[in-house]
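I have placed the structure first, in the form of C-alpha cells, so that the comments after it can refer back to it.
Residue numbers count from 1 along this sequence.
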Amino acid sequence: MRGDKYRTYLLSLFLVCLALTISNYTLGRVDRLVTLELFSNKLSGMIPASVFNLSLLNVFNLADNQLQGSIPSDFGLTLPNLQKIQLSNNRFTGSIPVSLSNASKLQVIDLQFNHFSGPISVDFGRLLYLQKLGLESNNLGLGEQSDLSFLDSLTNCSSIKILELGGNNFQGSLPPSVANLSNELTMISLADNQISGSIPSEISKFINLIFLSLKGNQFTGIIPSEIVKLGKLQRVLLSNNRLSGNIPTSIGNLSMLDEMHLENNELNGTIPPSLGHCPMLVLLELSQNNLSGTIPNKLFDISPFAVKLNLSQNHLVGSLPAGIGALKTLVELDVSENELSGLMPTQLGDCIALESLYMQGNFIQGNISNSMKKLRGMRNFDISRNKLSGEIPDFFETLSLKYLNLSWNDLEGEVRTKGVFANANAFSIVGNNGLCGGIPELQLPRCNGHGSHKHKMTWVQVLILIGSIQVLLAIGFYIWFRRKRGKTVSFSESNIYTSPVKFSYELLYQATDGFSRKNLLSEGNFGLLYKGRFFSPANGETDLAVKVFKSQASNCFITECEALRNIRHKNIIKIKSTCRSPEESNKKFTAIVYEFMEHGSLDRWKQLTIESSHNELSMPQILNLDTRINIAIDVANALDYIHNQVDNPLIHCNLKLSNILLDTDMSARVSNFRMAKFLTELGSTSQSSFNGFVGTLGYAPPEYYQGSMVSTKGDVYSYGIILLEMLTGKKITDPMFHGSFKLQNFVSNALSDRVNDTIDSFNLHELNRYDAEKAKACLVMLLNTGLRCAQKLPQFRPDIRDILSVLETIRSVFKASRVGTEEYAERIFQDAVLMAQRYKKNLLWNRMELPQVPSGSPGEEYLGRADWIIDTARQFINPSLEITSNAVTVSYKDLHKATNGFSSTNLVGAGGFGSVYKGIFHPKKNRLLVTHSGIEAETGTAVAIKVFNLQQRGACKSGMLQGLLEL
C-alpha cells in the first residue's frame, strides 16, 4: 500500500454468496485495478460511479447478481482498455451506450438476461477484436423493420465467433449484410424474436457454424439447400416458424448433425432418405407439418444411438418400414395421426430400448405383432383408432406397462386379468365390440367356451355377496338416520383408526388447542390450515392437518369434497374426515381434515433447502437433484391420474409450489382442489368459459386470462413452470422476470451452451457425483421438458402422460450416470486442493474419530486427516504459493454454538455434499482460534464453516463429521 491507494491488480470474488452492495469508496481507491470479477454472488444496488473511472480495467465481470440501474453513456470513453464486459443475468435497464465502440480492445460483450431496451446504435465495426456478442433475453428493438440494421457494422468484426440475439423484440427481415459476417462464427441464435422474411442462402459461407437457432420467429419460404454445406453443423433449430417447401434432399451431407428440430412449420413433400446418412443424429423432430409420401426405409440408417424420432401429425402413408428394427437404442417413436396402413412390422421387437410407442390415429391392420413381447422396457403403448383385429396377445400381461391404449379397433376374444389388465385405469379397450371377460370393472360379457364354468358362483361366494349387501344397507340406513336428526355430518377414510370416527367441532377445537395461532400452519384468502393432534386408543397420538374454511368460501369446501371424494392415489392428499355445521345453524363452520405432511409445502423450502426439525443436533436437509426428479415424477403421476385414469376426468386449475406437499420420505402430494373442475361440467353454459379467471399469477396459462375454457393443457402449463422453478431455484415471481422476459426465456436462452448457468447453485457441486456428459444430457432433457409444458399456445403442449414417460427415462439415465465412490472421493479431494490454492486460507479441521491414513495414491482414503491434506496439497499446487498450516482443533459443540445450532438463518450455501454456514467465535471462549486467525474483534471472529455429508457417499467412516473453516 502506498499512501491511501491500493496497489491491487486483481479482485476476484465469485461463487461466495456475497449479499452486499458495491462500495463506492473502496473500489474508487483501487486505481490500478486491471481485473474486477464479482460474478455469481448476490450483489444488489447500482454500480458506483467511481468504478467507471478505473481506466486500466481489462476485465469487468459482475454477471449473475441482482444489480440494477443503467450503464453510463460515456462508458466506453472512461474504460478504453476494457477487453471483457460481462453483466449478464442482472436487472440493468436503459439503452446500450453508443460509446461502447470507443473501447476498441473489447473481445467479449455479454449483456444477456437483463432489461436493456431500445434500438442498438453501437458501431461494432470499430471493435476489431470482438469474439462474442451476447444480447439475448432483453427488450432490445423497437418492433420496426430497421431493428437489425446494426448487423451491418458487425461485418468488420472478422474474429467474432458467437452471436446471441434471441429473446428480444427484433422485427423485420435479415439485412443483406448478414452474408458478409465473419466465417469464424460457430454459433448464431436469433430465436424467439419476430423476424420475418426468408433464410438467406448465403448462410452457407459460415463453414465453422456448429449451432444455428432461428426457432420461434416468422420466417417464411424454403429451407435453403445451401445449408448442407455447413459440414460442422451439429444442432439446427428451425421449429415454430412458417417455413414451407421441401426438406433439402441432400440434408444427409451434414455428417456431424446430432439434433434437428423442424416441427410446427408448413413443410411439405417427402422425408428425404438421405437423412439416414447422418451418423450422429440422435433426435429428429418433423411433427406438425404437411409431409406426405412413405417413410423411407433408409431413414433408419441414422445413428445407432438415436433416442427419439417424431413424425407425428403429418400425412404419411404406407407401412412402417422393417428398417425400424435397426434403432436398438430408440426410446420414443411417435408416428401418430398420419395415414399409415399395412401390418405392424415384426422388427419393432428389435427396438429393445423402446419405452414409448405412439401409433394412434392411423389405418394399421392385422394382428398385434407377437415380436413386441421382447420390448421388456415398454411403458407406454398407444395404438388406438386403427384397424387391428384378432385377439389381445397375452404377453401384455408380462410387460411393465403403465399405460396401454387399444381402443377403437376390431379386437376380439378374452381380455386378460393380470399385469396391466388388473388395473382398469391403466388401459383402455373401448370401441372393440368383440371382447369378453376381463376384470369386473370392465362389465364385459362372459366368454363362451370351455372355461365358462369358472364364472359360476360357489355357495361361499353367494353367502359373501348376501352378507355384503346387508352391511351396505345397514350403513346406508345409519347415514340417512344421522342426517335426518340434523347432526354434524362427517366421513372418515382413515386407516389410522380401527373404526369410523366422526370428527365433531369439539374434537377439532380440542386437537388444535382452540385453533391456536401456535398451531397455524398457513393462512390464505379462503381458509386457515392448522396442525391438530388427535388421539385414538389403538394408535395413540396422530398429527393431522385441519383446514378451516372462511364463511365466504363455503363453495370451495363443497368443490374440494366433490373433487377428492372418489380419488385414491398415493400422490394426492387424502381426506381423513370433514366437519360441517347443520344447515339451520346460525354459525357456519366447515372444515376438512387431511393427512399431515411432515415437510410442508414445496415453496417453504427456501432455496430448496430447509431445516429438517427443531432438534438441536439436526442438520439441514438438501433437496438434491434425485429428490427433485422424484418430486416431478410424483406430481406428474398425480396429474396423469386425474386427467386420464378416473371415470370423470378432473382439472386442478391451481397447481403451484405451495399446493405440493412433502411427506417424511419426501414423496409429493398434490393438494388444494378448491378450484378444480370436472370435464363433464365444462359442457354446460355456466362452465364453458372463465372470463376473469382468478388463478395464481405466473402459474395459470395465458389462455385462462383471455376467457378460454379450462383444460388439461392448463394444468400442464402450470406443471412446466413448477418444473423449471425446481431446477433453476428461481421463482416465477422473481423481479427479473417481467414484460416479455419470462422464466421460459431465461432457460431456453441458456440451453445451448450454458446449462449450468440455469441450475440452482445448491446443486452444481452435486454434479461431481455423476458422469459429466450424461448428467448434462439429463439436465437439458429436464429443462426442455419444462419448456415444452410451459409453451404459450396450449395445442403445442404435450399430454402429461407423455411427459411422465420422458421423466421416468431421465431418472433411469440420471441414476445410472452416478460415478463410483473412489472417483467421487478423488473429485472431492481435488476440490479441496483447488480451494486451498485459490484462497491460501488457514485450514481448521474438527476431528471426530478420524481414521488412520494408509499409504496409497491421493483421493482414495485420505479425506479424514486435515494435516495430510494440508501437506499433500502443497505438493499438488503451485509451490510458490504459501499455505499456512497452523491447524486448530475445535469441537462439534464449538461449531454448533458458533452457528446457532447450524441454523438455517446462518446457512450461506449448500450442495449435494455439504453445507456452508456463517459462524461467530468469541475471543473469550476461543482465544486460540482468534489468535491464529490474526483477527481481533470484541464482537467475535466471523468464519465460514463447511460441513461435509461424506458419510453418505462412502468417502469416510460412518458417523464422521468433517468441518472446513475458511477465515
Side-chain angles (χ1 to χ4, degrees), residues 1-2 5-16 18 20-41 43 46-65 67 69-90 92 96-114 116 122-135 153-154 156-164 182 184 753-754 757 834 837-840 878 880-881:
M1 183 182 297
R2 176 182 296 174
K5 299 288 185 180
Y6 294 109
R7 304 188 75 178
T8 301
Y9 295 91
L10 182 149
L11 177 57
S12 182
L13 294 171
F14 54 92
L15 292 172
V16 294
L18 294 176
L20 306 166
T21 56
I22 302 177
S23 171
N24 191 8
Y25 174 73
T26 302
L27 286 181
R29 299 168 66 198
V30 190
D31 60 347
R32 295 176 181 268
L33 193 64
V34 174
T35 298
L36 176 59
E37 291 184 322
L38 297 174
F39 62 90
S40 296
N41 287 287
L43 298 173
M46 302 176 69
I47 302 175
S50 60
V51 173
F52 300 109
N53 293 324
L54 301 174
S55 58
L56 298 180
L57 206 59
N58 293 158
V59 178
F60 187 31
N61 189 348
L62 302 179
D64 300 314
N65 283 288
L67 298 169
S70 58
I71 301 178
S73 59
D74 59 351
F75 179 84
L77 299 173
T78 58
L79 300 176
N81 295 300
L82 204 59
Q83 296 177 18
K84 295 182 180 180
I85 174 175
Q86 295 160 295
L87 302 178
S88 61
N89 199 11
N90 279 285
F92 293 112
I96 298 176
V98 177
S99 65
L100 204 62
S101 61
N102 192 68
S104 58
K105 299 179 181 179
L106 270 172
Q107 299 175 22
V108 174
I109 300 175
D110 192 352
L111 306 179
Q112 303 176 91
F113 303 103
N114 280 287
F116 292 112
V122 179
D123 181 9
F124 294 107
R126 299 173 61 184
L127 307 180
L128 302 181
Y129 305 102
L130 189 64
Q131 296 181 26
K132 177 181 178 179
L133 178 59
L135 303 177
S153 64
L154 280 172
N156 284 342
C157 304
S158 59
S159 300
I160 191 167
K161 295 181 179 179
I162 298 176
L163 181 62
E164 297 177 305
S182 170
E184 295 294 318
D753 62 344
R754 294 180 291 106
D757 292 349
L834 289 174
Q837 183 179 19
R838 181 176 296 160
Y839 298 115
K840 297 186 292 182
N878 189 341
S880 64
L881 297 177

D74 and N102: side-chain contact (heavy atoms from CB on, under 4.5 Å), yes or no, with the steps?
-> CA-CA 9 Å; D74 59 351; N102 192 68; over 6 Å; no
Decide yes or no for I96 and I109: does some side-chain heavy atom of the first lie under 4.5 Å from some side-chain heavy atom of the second?
-> no
Distance in Å, [X] [atom1] paired with [Y] [atom2], rounded so as to fall on 0.5 Å steps:
X	Y	atom1	atom2	value
Q83	Q107	CD	CD	5.0 Å
L154	D123	CG	CG	9.5 Å
L163	K132	CG	NZ	11.0 Å
S104	Y129	OG	OH	7.5 Å
L79	K105	CG	NZ	12.0 Å
L127	L100	CG	CG	6.5 Å

Please find the pair of heavy atoms, one from [X] and one from [Y], that lie closest to each other, and give the distance.
X	Y	value
C157	S182	O-CB, 3.5 Å
N65	N41	OD1-C, 2.9 Å
P97	P72	CB-O, 3.6 Å

Across all chains, not counting sequence neighbours, the salt bridge (charged side-chain N to carboxylate O under 4.0 Å, His left out) partners of D64 are none
Pairs of donor and acceptor atoms involving the side chains of residues 53-61, under 3.5 Å and at least two apart or interchain, shall be tabulated with distances.
residue: N58; atom: ND2; partner: L56; partner atom: O; Å: 3.3
residue: N58; atom: ND2; partner: N81; partner atom: O; Å: 3.1
residue: N61; atom: OD1; partner: A63; partner atom: N; Å: 3.1
residue: N61; atom: ND2; partner: Q86; partner atom: OE1; Å: 3.3

Under a 3.5 Å distance rule, please check whether [X] uses its side chain to pair with a backbone N or O of [Y] as donor and acceptor.
X	Y	value
D110	S88	no
N114	Q112	yes
S159	Q131	no

Could you list the residues that satisfy ring pair (Phe, Tyr, Trp, His ring centres under 6.0 Å) with F92, not counting sequence neighbours?
-> none
Qualifying residues under ring pair (Phe, Tyr, Trp, His ring centres under 6.0 Å), relative to F75, sequence neighbours excluded = F52
Assess whether side-chain contact (heavy atoms from CB on, under 4.5 Å) is satisfied between I71 and L87, documenting all intermediate values.
-> CA-CA 10 Å; I71 301 178; L87 302 178; 3.8 Å; yes
